[in-house]
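Here is the structure we will look at, set down as structure tokens.
The model shown is predicted, which means the values in this text are computed figures rather than measured ones. The sequence lines fix the lettering, A, B, ..., with proteins before strands; numbering per chain opens at 1.
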Amino acid sequence: MDQKKRKGASGTPSSKRSRLTEDDDDPSSFEAELALMNEFDAEMKMEFDSQEMDAGPENETTSSKWSRPPVGPIDPSKDTLAFQQLDVDFYVGKHLAGMPGATVGPVPIIRMYGITMDGHSLLAHIHGFTPYFFVPAQPGFKAEHCGVFKDALNAVVMKDLRSNREGINTAVLAVSMVVKESIYGYHGNRKIPFLKITVSLPRLIAPSKRLLEGGFICPGYSQYGFLTYESNIDFEIRFMVDCEVVGCSWIETPAGKYKLRDNISKQGNDHFSPQSRCQIELDISWEDFVAHQPEGEWSKVAPFRILSFDIECAGRKGIFPEADKDPVIQIANMVIQQGDRDPFIRNVFTLKECASVIGSQVLSFEKESELLKKWSSFCREVDPDIITGYNIQNFDIPYILNRASHLKVNNFAFLGRIRDKISVIKDSVFQSKQMGKRENKVINMEGRVQLDLLQILLRDYKLRSYTLNAVSFHFLQEQKEDVQHSIITDLQNGNPQTRRRLAVYCLKDAILPLRLLDKLMCVINYMEMARVTGVPLTYLLSRGQQIKVVSQLLRKAKEQDLLMPSQKIETGDEYEGATVIEPEKGYYNIPIATLDFSSLYPSIMMAHNLCYTSLLNQHTIQKENLTPDQYIKTPSGNYFVKSSIRKGLLPEILEHLLSARKKAKFDLKNETDPFKKKVLDGRQLALKISANSVYGFTGAQVGKLPCLEISQSVTAFGRMMIEQTKNHVEERYNIANGYKHNAKVIYGDTDSVMCRFGTETVEESMELGKEAAEFISTNIIATPGRLMHILVEMNLKLKSVEYAVFDEADRYGS
DNA sequence: ACGCAGCCCTAA
DNA sequence: TTAGTTAGGGCTGCGT
């Protein structure tokens, strides 16, 4: 096992078995592949050269190949720019003339980083969007009191500021009366007045909220503890929701609506000079850009650049490398354009001379600091959109940053796209029930997405071992080059040939993550997940599950003037989960059919209109004079209004997700282009996962908006469905009804049952299984004691028929 | 030897 | 400042 990876990767060291297979593998095969890539490049280049005028002989040591294609002239008055945004963040800056929003004091400015279809990097500064939140208006509050309220709140918030180095002029910019409704609980479809409070900076929301909750006194009104609404929404999410921007979507800046930043025209005015290393940088008002939904033409994917790299250090024997002691001796890099088969940049930076490697550029340095300095400028020149590697987040990037700072390499840490922003390492502890305690390092790199393959595998795949070698073998049937970590230092201290061996090893470690990324379709899948759920790509990598549902909920809520409360709802007790039918142990030498519900929990939520907005209590039932046909009582004893009274948001979200999934699957069938197929498959997967996570969100007791009434109703309905499926199967498929055998449900869990129909052959069981699934799908009893026709498909399907063994035999051995 | 509680892991 | 759920099996350690 590679020593430097040990920290992040858990699991056992490579077994004897993998050593054997390694020996089977021809050690030179990777070199042959590299060489082949070189030949392929040469062919392409010849084609290119014969068409275009040659720019002179390619010099292997120049960096001309590294840069992005040059940008032609852009006329902002005539040219509309389109780009796929990859990341969204914001900064606090100064007002720009002509833009909406506050004109004095610091203002928040949104940044969108993206790539055009021509592969040019772009940064858009989006001006004028302001943060806000809501509180319910006090009884009798009139619109004309808004001014007084605003001034009074502004005064207390300003007074609360400890320091005001940014020179905040006004904290509360505006207060206006709006008519809204809380998302939580059904209250007669009546909208009530709320105050929309607009503040000048996102970070002022928290103190404003605190002061309002603590009992703010508006002149003319009594003291009042305000509950706040939507005061805990990330500014980026707020912006994206309001502007209908989803993650990784396409954005257009129409001709005449934006201003370009360049070095020449506006020198001396620091407002207009570029802030980033992007090729195109522009300013636009938040009201002027066009956000495309990722459909049709706009579901395309821009030609991203993905940089994969791997470093080697000369560690001391048996000691984990330390950045202040052990030098970085090699860095291998692979840069691929999204969609291409092979990386178009392949190089390795080596300390001391290294013999050439066909198919790869070799850059040798006598001094380690030179190596690092050159790598840093290489990174800026390549300008990758996505940086990947294996355990780069917790090892490679922190190591080179620490090493460069130890060696005092100037300007090394400028790895992001913002010119004057250096990348720093922060420690973070991320804790969730799903992922457990996880200590991670976080490195800021504005405008570039760090897609650490190890992190993705830990997140999405359950594997026995997470070493790069094991993972590569598992997914690619391919392995690392055979170099024991213990001899790395010896190879470095040898000669150009031994360092060459190390270089080949390092190159392989750089290309494997790219191959895994491609094989597992990570980029496309994550991109589609960002589009479906509406959050930036980086959120999917750094945040939990909840933010995805919040984003979708906010979008739907906005359509109906609904507001999400920010206050933590008091969490009740635990609730009852899924049912498990006690297995009937035994040896079955006849076929067992497995029937399972597809998307059971989402279907239940849709079928019974379970949502925050439809949740009832006895008080409301009486107050609104609801008749029993207008609401339901769930098996867990909770009440919800039917969709005829008020259609729930969650059911709407789920319908959208599942119908979009059906469409994606349909399109997938008809699509012939393999790349578009991948995109569609990624989408349908993202849609399925998203639909299933909605239930979890309502049950998250430490969450943004838990609702145990919903989650316990869902599981209660689920238990009922399983029970009834069992009963239906057993009541229908028996000798009394003319079947050859008595069917028996031998096991069931959450959304599936296993049936023994008693037939000898698989075919017969298949037949009966299919029939039973269809029968029950159309005839399920869904409410206690009442036959209910369900509009939502409760899709019970025959999953498999096989010989199943339920026995304790294996525990005792055979 | 056995029952029980607590922890960790997996399935759904 | 940030986190999807519950059920259930296997294992360990403790007390009787």
Checking contacts here: which listed nucleotide ([options]) is nearest the side-chain heavy atoms of [X]?
{"X": "Q545(A)", "options": "dG4(C), dA7(C), dA3(C)", "value": "dG4(C)"}
{"X": "T750(A)", "options": "dG4(C), dA12(B), dA7(C)", "value": "dA12(B)"}
{"X": "D751(A)", "options": "dA3(C), dG4(C), dA12(B)", "value": "dA12(B)"}

Listed pairs, N/O of protein and of nucleotides 6-11 of chain B, under 3.5 Å:
unit_1  : atom_1 : unit_2  : atom_2 : d
dT10(B) : OP2    : K462(A) : NZ     : 3.3

Sugar-phosphate only, base, or nothing, as touched by G699(A) at under 4.0 Å among non-hydrogen atoms: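 If one applies the 4.0 Å heavy-atom cut-off, G699(A) turns out to touch the sugar-phosphate alone, with no base involved.
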Validation row, ring centre Y229(A) to ring centre F134(A) under 6.0 Å: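 So the answer is no for these two rings.
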Starting from [atom2] on [N], measure out to [atom1] on [X] and report it in whole angstrom.
{"X": "F717(A)", "N": "dT5(C)", "atom1": "CZ", "atom2": "P", "result": "22 Å"}
{"X": "Y601(A)", "N": "dT5(C)", "atom1": "OH", "atom2": "C1'", "result": "9 Å"}
{"X": "Y747(A)", "N": "dA7(C)", "atom1": "OH", "atom2": "C1'", "result": "9 Å"}
{"X": "I581(A)", "N": "dG8(C)", "atom1": "CD1", "atom2": "P", "result": "12 Å"}
{"X": "Y695(A)", "N": "dA12(B)", "atom1": "OH", "atom2": "P", "result": "15 Å"}
{"X": "R459(A)", "N": "dA3(C)", "atom1": "CZ", "atom2": "P", "result": "10 Å"}
{"X": "K548(A)", "N": "dA3(C)", "atom1": "NZ", "atom2": "P", "result": "12 Å"}
{"X": "K426(A)", "N": "dT1(C)", "atom1": "NZ", "atom2": "C1'", "result": "11 Å"}

Secondary-structure string, 5' to 3', Watson-Crick or G-U under 3.5 Å, | for another-strand partners, for DNA chain C: ....||||||||||||
Given DNA chain C, 5'-ward residue of the pair E576(A) and D234(A), judged by closest heavy atom: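 By nearest-heavy-atom nucleotide position, the 5'-most residue is D234(A).
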Closest-nucleotide ordering on DNA chain C, the 5'-leading residue of A578(A) and N692(A):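 Whichever sits nearer the 5' end wins; that is N692(A).
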Pair listing, side chain to side chain donor-acceptor pair (under 3.5 Å) test, anchored in residues 204-213 of chain A, at least two apart: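 For residues 204-213 of chain A: D160(A)-R210(A).
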[X]: partners by salt bridge (charged side-chain N to carboxylate O under 4.0 Å, His left out), with sequence neighbours left out:
{"X": "D751(A)", "value": "none"}
{"X": "E774(A)", "value": "none"}
{"X": "D460(A)", "value": "none"}
{"X": "K647(A)", "value": "E655(A)"}

Cationic N near anionic O, under 4.0 Å, E730(A) to K726(A):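 Salt bridge flag = yes for K726(A) with E730(A).
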Side-chain polar contacts of residues 706-716 of chain A - donor-acceptor pairs under 3.5 angstrom, sequence neighbours left out - could you list them?
unit_1  : atom_1 : unit_2  : atom_2 : d
S711(A) : OG     : C707(A) : O      : 3.3
S711(A) : OG     : L708(A) : O      : 3.4
Q712(A) : NE2    : N638(A) : OD1    : 3.0
S713(A) : OG     : T634(A) : OG1    : 2.9
S713(A) : OG     : S636(A) : OG     : 3.1
S713(A) : OG     : N638(A) : OD1    : 3.2
S713(A) : OG     : E709(A) : O      : 2.6
T715(A) : OG1    : E576(A) : O      : 2.8
T715(A) : OG1    : S711(A) : O      : 3.3
T715(A) : OG1    : Q712(A) : O      : 3.1

Where at least one partner belongs to residues 539-550 of chain A, residue pairs that pass salt bridge (Lys or Arg N to Asp or Glu O under 4.0 Å), sequence neighbours excluded: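 Qualifying pairs: D234(A)-R543(A).
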